[in-house]
Amino acid sequence: MNDVNLEFPVSDPHGLEGLEETHNLVQCKPFDDPSIAYSLILPKSWISEEDMGEQPGAVGQLARIGLFTEKIAPDAAVVQVSFTRMPFEVGLRDWLQYQAEKFNVRLTYCEDMRFACGTVVDAGGIAGAGEQSHVVRIAAFAENARIFHVMGMIRVDRYEEKKRDLAIATNSFSLLNPGGTEQLEQCHAIQGGDPAFQVGHPASWESRPVRETVPGKSGVDIVLPKDEQMAAYIRVKAISADSAGEQTTEQILQIAEEELQEAHVQASVPWKQDSDPVIKQILGVTETYITAGKLGEQEVELRVGIARREALTFVVQLISAPRAASVPLWLRSKRAYEIALATAAPLDNE
(Lines give C-alpha, C1' and ligand atoms only; values in the text may rest on other atoms or scores of the structure.)
Protein backbone atom coordinates (compact mmCIF):
# COMPACT_ATOMS: atom_id res chain seq x y z
CA MET A 1 0.00 0.00 0.00
CA ASN A 2 2.75 2.49 0.95
CA ASP A 3 4.54 1.86 -2.36
CA VAL A 4 1.51 2.90 -4.42
CA ASN A 5 1.54 6.35 -5.97
CA LEU A 6 -1.93 7.64 -5.07
CA GLU A 7 -1.80 10.63 -7.36
CA PHE A 8 -5.03 11.48 -9.20
CA PRO A 9 -3.93 13.46 -12.27
CA VAL A 10 -6.34 15.99 -13.77
CA SER A 11 -4.32 16.56 -16.94
CA ASP A 12 -2.53 14.10 -19.21
CA PRO A 13 1.19 14.11 -18.30
CA HIS A 14 1.95 13.27 -21.93
CA GLY A 15 -0.14 16.17 -23.23
CA LEU A 16 -2.50 13.79 -25.09
CA GLU A 17 0.44 12.82 -27.28
CA GLY A 18 -0.47 9.84 -29.48
CA LEU A 19 -3.93 9.56 -27.92
CA GLU A 20 -5.68 9.01 -31.26
CA GLU A 21 -3.54 5.94 -31.85
CA THR A 22 -4.41 4.30 -28.53
CA HIS A 23 -7.87 5.61 -27.54
CA ASN A 24 -11.34 6.09 -29.01
CA LEU A 25 -14.12 8.57 -28.35
CA VAL A 26 -16.94 6.25 -27.24
CA GLN A 27 -20.54 7.45 -27.56
CA CYS A 28 -23.42 5.75 -25.77
CA LYS A 29 -27.21 6.19 -25.66
CA PRO A 30 -28.34 4.02 -22.70
CA PHE A 31 -31.85 2.57 -22.99
CA ASP A 32 -32.19 4.54 -26.24
CA ASP A 33 -32.72 7.69 -24.13
CA PRO A 34 -31.10 10.79 -25.70
CA SER A 35 -31.36 12.74 -22.44
CA ILE A 36 -28.67 10.55 -20.84
CA ALA A 37 -26.55 9.97 -23.97
CA TYR A 38 -22.87 10.61 -23.29
CA SER A 39 -19.33 10.23 -24.55
CA LEU A 40 -15.97 9.48 -22.96
CA ILE A 41 -12.48 8.53 -24.11
CA LEU A 42 -11.34 4.93 -23.53
CA PRO A 43 -8.48 2.72 -24.75
CA LYS A 44 -9.27 1.09 -28.10
CA SER A 45 -8.83 -2.42 -26.69
CA TRP A 46 -11.47 -2.01 -23.97
CA ILE A 47 -14.82 -3.78 -24.14
CA SER A 48 -18.24 -2.72 -22.92
CA GLU A 49 -21.19 -4.45 -21.27
CA GLU A 50 -24.18 -3.83 -23.53
CA ASP A 51 -26.95 -5.25 -21.34
CA MET A 52 -27.44 -3.03 -18.28
CA GLY A 53 -30.45 -5.03 -17.11
CA GLU A 54 -33.22 -3.46 -15.06
CA GLN A 55 -31.95 -0.42 -13.17
CA PRO A 56 -33.46 1.50 -10.22
CA GLY A 57 -35.34 4.67 -11.10
CA ALA A 58 -36.21 6.17 -7.70
CA VAL A 59 -34.89 9.56 -6.66
CA GLY A 60 -31.45 9.20 -5.09
CA GLN A 61 -30.81 5.66 -6.33
CA LEU A 62 -27.90 5.27 -8.74
CA ALA A 63 -28.73 3.53 -12.02
CA ARG A 64 -25.85 2.12 -14.05
CA ILE A 65 -25.76 3.38 -17.65
CA GLY A 66 -22.33 2.18 -18.70
CA LEU A 67 -19.74 -0.47 -17.83
CA PHE A 68 -16.36 -0.71 -19.56
CA THR A 69 -13.31 -2.88 -18.87
CA GLU A 70 -9.94 -3.68 -20.38
CA LYS A 71 -10.53 -7.45 -20.07
CA ILE A 72 -12.58 -10.05 -18.23
CA ALA A 73 -10.32 -10.72 -15.26
CA PRO A 74 -10.28 -10.06 -11.50
CA ASP A 75 -7.43 -7.54 -11.80
CA ALA A 76 -8.95 -5.61 -14.73
CA ALA A 77 -9.43 -1.87 -14.80
CA VAL A 78 -13.14 -0.95 -14.84
CA VAL A 79 -15.03 2.27 -15.56
CA GLN A 80 -18.70 2.52 -14.57
CA VAL A 81 -21.10 5.35 -15.43
CA SER A 82 -24.18 5.92 -13.27
CA PHE A 83 -26.80 8.59 -12.69
CA THR A 84 -29.72 9.39 -10.44
CA ARG A 85 -32.62 11.81 -10.63
CA MET A 86 -32.28 14.45 -7.92
CA PRO A 87 -34.91 17.25 -8.02
CA PHE A 88 -33.72 18.67 -4.69
CA GLU A 89 -30.68 20.82 -4.02
CA VAL A 90 -27.89 18.90 -2.26
CA GLY A 91 -24.20 19.65 -1.98
CA LEU A 92 -22.32 17.74 -4.69
CA ARG A 93 -19.24 17.15 -2.52
CA ASP A 94 -21.38 15.93 0.39
CA TRP A 95 -23.32 13.69 -2.00
CA LEU A 96 -20.13 12.16 -3.45
CA GLN A 97 -18.68 11.54 0.00
CA TYR A 98 -21.91 9.81 1.01
CA GLN A 99 -21.76 7.56 -2.07
CA ALA A 100 -18.11 6.78 -1.36
CA GLU A 101 -19.08 5.61 2.12
CA LYS A 102 -21.77 3.36 0.63
CA PHE A 103 -19.13 1.81 -1.67
CA ASN A 104 -16.71 1.54 1.31
CA VAL A 105 -14.23 3.88 -0.38
CA ARG A 106 -11.84 5.69 1.96
CA LEU A 107 -11.25 8.99 0.19
CA THR A 108 -7.76 10.50 0.26
CA TYR A 109 -8.42 13.20 -2.34
CA CYS A 110 -11.44 15.40 -3.08
CA GLU A 111 -11.40 18.64 -5.09
CA ASP A 112 -13.71 20.88 -7.12
CA MET A 113 -12.62 20.80 -10.77
CA ARG A 114 -13.66 21.85 -14.26
CA PHE A 115 -13.82 18.89 -16.67
CA ALA A 116 -15.31 18.42 -20.14
CA CYS A 117 -18.83 18.10 -18.71
CA GLY A 118 -18.59 21.22 -16.53
CA THR A 119 -18.06 21.76 -12.81
CA VAL A 120 -17.33 18.47 -11.03
CA VAL A 121 -16.22 17.10 -7.71
CA ASP A 122 -13.24 14.85 -8.42
CA ALA A 123 -12.27 12.34 -5.74
CA GLY A 124 -10.14 9.28 -5.19
CA GLY A 125 -9.29 6.73 -2.55
CA ILE A 126 -8.97 3.08 -1.58
CA ALA A 127 -11.62 0.35 -1.31
CA GLY A 128 -11.05 -3.05 0.23
CA ALA A 129 -8.04 -4.34 2.13
CA GLY A 130 -4.98 -6.47 1.56
CA GLU A 131 -4.75 -8.19 -1.81
CA GLN A 132 -8.30 -7.08 -2.58
CA SER A 133 -7.49 -3.36 -2.25
CA HIS A 134 -8.53 -1.25 -5.20
CA VAL A 135 -7.84 2.36 -6.10
CA VAL A 136 -11.10 4.15 -6.93
CA ARG A 137 -11.56 7.44 -8.74
CA ILE A 138 -14.96 9.16 -8.89
CA ALA A 139 -16.04 12.27 -10.77
CA ALA A 140 -19.56 13.58 -10.04
CA PHE A 141 -21.46 16.47 -11.58
CA ALA A 142 -24.99 17.86 -11.45
CA GLU A 143 -27.05 18.61 -14.53
CA ASN A 144 -30.73 19.38 -15.02
CA ALA A 145 -32.01 17.79 -11.77
CA ARG A 146 -29.72 14.77 -12.13
CA ILE A 147 -26.37 13.69 -10.70
CA PHE A 148 -23.95 11.71 -12.88
CA HIS A 149 -21.05 9.60 -11.61
CA VAL A 150 -18.05 8.27 -13.53
CA MET A 151 -16.16 5.77 -11.38
CA GLY A 152 -12.89 4.08 -12.34
CA MET A 153 -11.45 1.19 -10.35
CA ILE A 154 -8.27 -0.88 -10.56
CA ARG A 155 -6.43 -3.24 -8.20
CA VAL A 156 -3.82 -1.36 -6.17
CA ASP A 157 -0.82 -3.16 -7.66
CA ARG A 158 -1.86 -2.09 -11.19
CA TYR A 159 -2.85 1.51 -10.50
CA GLU A 160 0.41 3.08 -11.62
CA GLU A 161 0.08 1.24 -14.93
CA LYS A 162 -3.54 2.31 -15.54
CA LYS A 163 -3.99 5.64 -13.75
CA ARG A 164 -3.63 7.60 -17.02
CA ASP A 165 -6.46 5.62 -18.65
CA LEU A 166 -8.71 6.12 -15.61
CA ALA A 167 -7.92 9.84 -15.51
CA ILE A 168 -8.69 10.30 -19.21
CA ALA A 169 -11.98 8.39 -18.85
CA THR A 170 -13.25 10.39 -15.86
CA ASN A 171 -11.98 13.74 -17.15
CA SER A 172 -13.40 13.33 -20.66
CA PHE A 173 -16.97 12.33 -19.78
CA SER A 174 -19.55 14.63 -21.36
CA LEU A 175 -23.27 14.56 -22.11
CA LEU A 176 -24.17 14.59 -25.79
CA ASN A 177 -27.35 16.61 -25.13
CA PRO A 178 -26.67 18.74 -22.05
CA GLY A 179 -29.63 20.42 -20.38
CA GLY A 180 -27.89 23.73 -19.96
CA THR A 181 -28.02 24.07 -16.16
CA GLU A 182 -25.95 22.66 -13.31
CA GLN A 183 -28.78 23.32 -10.86
CA LEU A 184 -30.69 20.46 -9.32
CA GLU A 185 -33.59 22.64 -8.19
CA GLN A 186 -34.88 26.13 -8.95
CA CYS A 187 -33.94 28.85 -6.48
CA HIS A 188 -36.41 31.40 -5.11
CA ALA A 189 -35.60 34.73 -3.47
CA ILE A 190 -37.16 36.57 -0.55
CA GLN A 191 -36.59 40.10 0.72
CA GLY A 192 -36.17 41.32 4.27
CA GLY A 193 -37.39 44.71 5.51
CA ASP A 194 -35.27 47.39 7.21
CA PRO A 195 -32.35 47.08 6.60
CA ALA A 196 -33.40 45.78 3.20
CA PHE A 197 -31.76 42.61 1.91
CA GLN A 198 -32.40 39.62 -0.31
CA VAL A 199 -31.58 35.95 0.16
CA GLY A 200 -32.14 32.82 -1.95
CA HIS A 201 -33.38 29.36 -1.07
CA PRO A 202 -34.34 26.14 -2.90
CA ALA A 203 -37.87 26.16 -4.32
CA SER A 204 -38.96 23.22 -2.13
CA TRP A 205 -38.42 25.38 0.98
CA GLU A 206 -40.89 28.02 2.22
CA SER A 207 -39.94 31.50 3.39
CA ARG A 208 -41.47 34.46 5.22
CA PRO A 209 -40.22 37.73 6.72
CA VAL A 210 -39.61 37.80 10.46
CA ARG A 211 -42.46 39.79 12.02
CA GLU A 212 -40.59 41.16 15.04
CA THR A 213 -39.04 44.54 14.26
CA VAL A 214 -35.86 45.70 16.00
CA PRO A 215 -34.13 48.95 14.97
CA GLY A 216 -31.23 48.16 12.64
CA LYS A 217 -32.18 44.50 12.25
CA SER A 218 -34.41 42.53 9.87
CA GLY A 219 -34.77 38.87 9.04
CA VAL A 220 -36.46 36.05 7.17
CA ASP A 221 -37.30 32.48 8.13
CA ILE A 222 -36.76 29.66 5.64
CA VAL A 223 -38.49 26.38 6.44
CA LEU A 224 -38.49 22.90 4.93
CA PRO A 225 -42.04 21.64 5.60
CA LYS A 226 -42.90 18.03 6.41
CA ASP A 227 -46.62 17.29 6.63
CA GLU A 228 -47.81 19.72 9.33
CA GLN A 229 -44.39 19.97 10.95
CA MET A 230 -40.97 21.46 10.20
CA ALA A 231 -38.17 19.22 8.88
CA ALA A 232 -35.47 21.93 8.99
CA TYR A 233 -35.26 25.64 9.76
CA ILE A 234 -33.03 28.54 8.70
CA ARG A 235 -33.13 32.11 10.02
CA VAL A 236 -31.28 34.85 8.12
CA LYS A 237 -30.72 38.16 9.93
CA ALA A 238 -29.34 41.40 8.52
CA ILE A 239 -27.73 43.79 11.00
CA SER A 240 -26.85 47.40 10.24
CA ALA A 241 -23.93 48.64 12.30
CA ASP A 242 -25.07 52.22 11.74
CA SER A 243 -28.42 51.58 13.45
CA ALA A 244 -27.81 48.62 15.75
CA GLY A 245 -24.14 49.16 16.54
CA GLU A 246 -21.21 46.81 16.00
CA GLN A 247 -21.69 43.31 17.41
CA THR A 248 -18.86 41.00 18.37
CA THR A 249 -18.83 37.31 17.50
CA GLU A 250 -19.47 36.51 21.17
CA GLN A 251 -22.56 38.73 21.17
CA ILE A 252 -23.84 37.17 17.93
CA LEU A 253 -23.46 33.63 19.31
CA GLN A 254 -25.06 34.61 22.62
CA ILE A 255 -28.09 36.08 20.82
CA ALA A 256 -28.26 32.96 18.62
CA GLU A 257 -28.32 30.75 21.72
CA GLU A 258 -31.05 32.87 23.33
CA GLU A 259 -33.18 32.62 20.18
CA LEU A 260 -32.64 28.86 20.07
CA GLN A 261 -33.71 28.53 23.70
CA GLU A 262 -36.87 30.48 22.92
CA ALA A 263 -37.55 27.83 20.25
CA HIS A 264 -36.93 25.08 22.88
CA VAL A 265 -33.57 24.15 21.32
CA GLN A 266 -30.62 23.62 23.63
CA ALA A 267 -26.99 23.27 22.56
CA SER A 268 -25.49 20.09 24.05
CA VAL A 269 -21.82 21.04 23.69
CA PRO A 270 -19.95 24.34 23.14
CA TRP A 271 -19.78 25.87 19.68
CA LYS A 272 -16.71 25.03 17.62
CA GLN A 273 -15.33 26.39 14.37
CA ASP A 274 -17.00 24.83 11.31
CA SER A 275 -14.16 23.65 9.06
CA ASP A 276 -16.36 22.44 6.19
CA PRO A 277 -14.42 23.27 2.97
CA VAL A 278 -17.50 24.21 0.94
CA ILE A 279 -18.69 26.74 3.53
CA LYS A 280 -15.18 28.15 3.94
CA GLN A 281 -15.06 28.96 0.21
CA ILE A 282 -18.18 31.17 0.21
CA LEU A 283 -17.21 34.78 -0.52
CA GLY A 284 -17.87 37.23 2.29
CA VAL A 285 -18.21 34.59 5.01
CA THR A 286 -15.96 35.48 7.93
CA GLU A 287 -16.85 32.97 10.64
CA THR A 288 -18.80 29.71 10.85
CA TYR A 289 -19.69 27.60 13.87
CA ILE A 290 -21.30 24.22 14.50
CA THR A 291 -22.56 22.25 17.47
CA ALA A 292 -24.98 19.49 18.46
CA GLY A 293 -28.17 20.10 20.35
CA LYS A 294 -31.61 18.88 21.27
CA LEU A 295 -35.12 19.96 20.31
CA GLY A 296 -37.05 18.34 23.12
CA GLU A 297 -35.78 14.74 22.99
CA GLN A 298 -34.76 14.96 19.34
CA GLU A 299 -31.08 15.28 18.40
CA VAL A 300 -30.36 18.21 16.08
CA GLU A 301 -27.40 19.82 14.35
CA LEU A 302 -26.91 23.56 14.78
CA ARG A 303 -24.88 25.89 12.56
CA VAL A 304 -24.25 29.63 12.61
CA GLY A 305 -22.49 31.50 9.81
CA ILE A 306 -21.51 35.17 9.72
CA ALA A 307 -21.06 37.07 6.44
CA ARG A 308 -20.17 40.73 6.06
CA ARG A 309 -21.25 42.42 2.83
CA GLU A 310 -21.13 46.17 2.30
CA ALA A 311 -22.67 47.89 5.35
CA LEU A 312 -24.54 44.82 6.62
CA THR A 313 -23.62 41.83 8.74
CA PHE A 314 -25.61 38.67 7.94
CA VAL A 315 -26.15 35.93 10.53
CA VAL A 316 -27.47 32.62 9.16
CA GLN A 317 -28.67 29.97 11.63
CA LEU A 318 -29.58 26.38 10.79
CA ILE A 319 -31.48 23.75 12.78
CA SER A 320 -31.45 20.36 11.06
CA ALA A 321 -31.38 16.65 11.61
CA PRO A 322 -27.85 15.35 12.21
CA ARG A 323 -26.22 13.38 9.41
CA ALA A 324 -26.42 10.14 11.38
CA ALA A 325 -30.21 10.46 11.73
CA SER A 326 -31.11 11.15 8.09
CA VAL A 327 -28.50 11.65 5.38
CA PRO A 328 -31.02 12.83 2.72
CA LEU A 329 -32.51 15.45 5.05
CA TRP A 330 -29.06 16.53 6.25
CA LEU A 331 -27.88 16.92 2.64
CA ARG A 332 -30.82 19.16 1.74
CA SER A 333 -30.60 21.21 4.93
CA LYS A 334 -26.87 21.87 4.70
CA ARG A 335 -27.17 22.86 1.03
CA ALA A 336 -29.99 25.35 1.78
CA TYR A 337 -27.81 26.83 4.55
CA GLU A 338 -24.91 27.20 2.07
CA ILE A 339 -27.19 28.92 -0.45
CA ALA A 340 -28.47 31.34 2.21
CA LEU A 341 -24.92 32.17 3.29
CA ALA A 342 -23.85 32.70 -0.31
CA THR A 343 -26.81 34.80 -1.50
CA ALA A 344 -27.68 37.08 1.44
CA ALA A 345 -26.94 40.57 0.14
CA PRO A 346 -28.05 44.20 0.76
CA LEU A 347 -30.76 45.77 -1.37
CA ASP A 348 -30.57 49.34 -2.60
CA ASN A 349 -33.19 51.34 -0.72
CA GLU A 350 -33.50 53.92 -3.49
Side-chain angles (χ1 to χ4, degrees), residues 57-61 84-92 94-95 98 142 144-147 181 183-193 197-213 217-238 256-268 274 276 278-279 282 290-305 307 314-345:
V59 169
Q61 291 188 323
T84 185
R85 304 191 186 281
M86 181 58 66
F88 306 115
E89 274 297 325
V90 298
L92 195 56
D94 292 326
W95 167 267
Y98 171 51
N144 199 27
R146 301 171 300 180
I147 298 177
T181 175
Q183 282 185 284
L184 295 172
E185 181 180 358
Q186 287 188 336
C187 192
H188 289 175
I190 182 174
Q191 295 182 2
F197 74 97
Q198 180 171 285
V199 64
H201 63 84
S204 56
W205 293 61
E206 299 176 354
S207 58
R208 57 181 178 267
V210 174
R211 293 182 179 179
E212 298 86 354
T213 58
K217 298 181 182 180
S218 61
V220 299
D221 290 335
I222 303 171
V223 176
L224 180 62
K226 181 181 180 183
D227 299 326
E228 299 299 321
Q229 299 182 352
M230 177 181 66
Y233 169 80
I234 296 169
R235 170 162 286 188
V236 183
K237 294 185 293 183
E257 283 197 0
E258 291 172 356
E259 291 177 344
L260 289 169
Q261 289 172 3
E262 290 175 4
H264 308 291
V265 178
Q266 184 72 43
S268 304
D274 188 348
D276 186 276
V278 175
I279 295 172
I282 299 174
I290 187 172
T291 191
K294 282 194 171 184
L295 173 58
E297 296 300 316
Q298 182 180 352
E299 301 286 342
V300 292
E301 181 176 279
L302 308 173
R303 293 180 189 258
V304 172
F314 293 96
V315 181
V316 182
Q317 301 168 237
L318 170 69
I319 304 173
S320 74
R323 191 177 188 276
S326 173
V327 173
L329 181 55
W330 180 86
L331 287 169
R332 293 180 66 186
S333 302
K334 180 170 175 283
R335 180 57 183 152
Y337 170 74
E338 293 166 359
I339 291 171
L341 267 176
T343 59

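The figures that follow rest on heavy atoms only: side chains count, while hydrogens, waters and symmetry mates do not.
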Discussion item. Show, in sequence, the C-alpha distance, side-chain angles and deciding distance for I290 and L302, and conclude whether the side-chain contact (heavy atoms from CB on, under 4.5 Å) test is met.
Written reply: CA-CA 6 Å; I290 187 172; L302 308 173; over 6 Å; no
Taking the side chain as every heavy atom from C-beta outward, state whether [X] and [Y] have any pair of such atoms under 4.5 Å apart.
X	Y	answer
I279	R303	yes
Y233	V265	no
V223	R208	yes
L329	L224	yes

Where is the tightest heavy-atom contact between [X] and [Y], given as atom of each residue plus distance?
X	Y	answer
G200	I222	O-CD1, 4.4 Å
K294	V300	N-CG2, 3.7 Å
I282	A342	CG2-CA, 3.5 Å
R146	L184	O-CD2, 3.4 Å
D94	E338	OD2-OE2, 4.0 Å
P202	I339	CG-CD1, 3.9 Å

Item to complete: Might you confirm whether atom CD of Q261 has over 12 heavy atoms from other residues, nucleotides or ligands at distances under 6.0 Å?
Response: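 Count over threshold, so yes.
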Worksheet entry | Residue pairs involving residues 197-206 (criterion salt bridge (Lys or Arg N to Asp or Glu O under 4.0 Å); sequence neighbours excluded) |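 Sorted pair list comes back empty.
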Worksheet item: Passes side-chain contact (heavy atoms from CB on, under 4.5 Å), F197 versus V220? Steps please.
Response: CA-CA 10 Å; F197 74 97; V220 299; 4.0 Å; yes
Discussion item. For residues 319-332, which residue pairs pass the side-chain hydrogen bond (donor to acceptor under 3.5 Å, both in side chains) check, not counting sequence neighbours?
Written reply: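 Of all non-adjacent pairs touching residues 319-332, those that pass side-chain hydrogen bond (donor to acceptor under 3.5 Å, both in side chains) are E101-R323, S204-R332, E301-W330.
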Working to the nearest 0.5 Å, report the span between [atom1] of [X] and [atom2] of [Y].
X	Y	atom1	atom2	result
I190	T343	CD1	OG1	11.5 Å
Q317	L260	CD	CG	5.5 Å
S218	K237	OG	NZ	11.0 Å

Item to complete: Show your reasoning for whether side-chain contact (heavy atoms from CB on, under 4.5 Å) applies to Y98 and V90.
Response: CA-CA 11 Å; Y98 171 51; V90 298; over 6 Å; no
Discussion item. Checking the side chain of T84 only, and the main-chain atoms of Q61 only, is there a donor and an acceptor separated by less than 3.5 Å?
Written reply: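 Yes: the side chain of T84 pairs with the backbone of Q61.
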Discussion item. Using the ring pair (Phe, Tyr, Trp, His ring centres under 6.0 Å) criterion, which residues pair with Y337? Sequence neighbours excluded.
Written reply: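 By the ring pair (Phe, Tyr, Trp, His ring centres under 6.0 Å) rule, Y337 matches no residue at all.
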Worksheet item: In this structure, which one of R335, M86, E89 forms a side-chain contact (heavy atoms from CB on, under 4.5 Å) with E185?
Response: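 That would be E89.
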